[in-house]
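What follows is a single structure, written as structure tokens, with notes after it.
It should be emphasised that the depicted structure is a prediction, and the values quoted were computed from it without experimental measurement.
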Amino acid sequence: MKVRNIVLDTQSGLYARAIRRILLQDLDDYQVVISEAPDRTAECCRIFRPYALLMEVTGNVPWMLKERLVIQKKVKKQTPECKIVLLVDEVADRGLAEQVKQAKKEGNIDGFIFSSVTESYLVSYLDSL
């Protein structure tokens, strides 16, 4: 069985570890790698050649949508098969959620997830990409 890698880049390390625990509980053939910082995410993807890159988008630098799309371009250039998924808090920032949704419509990302989804939905979504 081939192990599939997911690279995870969030603003909070605690949040990243919680998401990793959720995913690993239900996804047996996956490895979740947490990026140390946004400026290292593209390199992390080059090394681990992930199935998916899950990046949180916030209103803070360097987790803003603009910066995330720069990372997306680098990752797609070196690992075109990697699925780019953005995670956004649609309750805290409805405008940002709309921008992320537009990025999907424009084909800049492969998908997005609202942070209010259930754990089982998050797992199922990433497993189905």
Minimal non-hydrogen separation, [X] against [Y], with atom names:
| X | Y | value |
| --- | --- | --- |
| A42 | V75 | CA-CG2, 3.9 Å |
| Q11 | E56 | N-OE1, 2.8 Å |
| L129 | A52 | CD1-CB, 4.0 Å |
| A16 | T10 | CB-OG1, 3.2 Å |
| R68 | V57 | CG-CG2, 3.9 Å |

ILVMFWY cluster, [X] and [Y] together (side-chain gap under 4.5 Å):
| X | Y | answer |
| --- | --- | --- |
| L53 | V70 | no |
| I19 | I113 | yes |
| F112 | L69 | yes |
| V85 | I34 | yes |

Please examine the side chains of [Y] and [X], heavy atoms only from C-beta on, and report whether any two atoms are closer than 4.5 Å.
| X | Y | result |
| --- | --- | --- |
| Y15 | L87 | yes |
| L54 | V32 | no |
| L86 | L65 | yes |
| V100 | F114 | no |
| V33 | L8 | no |
| P38 | I71 | yes |

* **Presence of salt bridge, R49 and E81, under 4.0 angstrom** =>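 Here E81 pairs with R49 in a salt bridge, since their nearest N and O are under 4.0 Å apart.
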Taking atom [atom1] of [X] and atom [atom2] of [Y], what is their separation to the nearest 0.5 Å?
| X | Y | atom1 | atom2 | result |
| --- | --- | --- | --- | --- |
| D89 | R94 | CG | CZ | 9.5 Å |
| R40 | R46 | CZ | CZ | 13.5 Å |
| D29 | D127 | CG | CG | 7.0 Å |
| L126 | I6 | CG | CD1 | 5.0 Å |
| Q31 | Y51 | CD | OH | 15.5 Å |
| K2 | Y30 | NZ | OH | 11.5 Å |

* **Side chain N5, main chain F48, donor-acceptor under 3.5 Å** =>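 At least one qualifying donor-acceptor pair exists.
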* Please assess K73 against K77 for the test side-chain contact (heavy atoms from CB on, under 4.5 Å), listing each intermediate value before the final yes or no. => CA-CA 6 Å; K73 286 180 183 172; K77 186 176 181 179; over 6 Å; no
* Testing K76, K104, Q72 for side-chain hydrogen bond (donor to acceptor under 3.5 Å, both in side chains) with D110, which one passes? ->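 Only one option passes, and that is K76.
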* Asked: Under the 4.5 Å side-chain heavy-atom rule for ILVMFWY, direct or indirect, which residues accompany W63?
  ->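 Noted: W63 shares its cluster with no other residue.
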* Just wondering, more than 12 heavy atoms not from E119 lying within 6.0 Å of its CD? ->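 No, because the 6.0 Å sphere around CD of E119 holds 12 heavy atoms or fewer from other groups.
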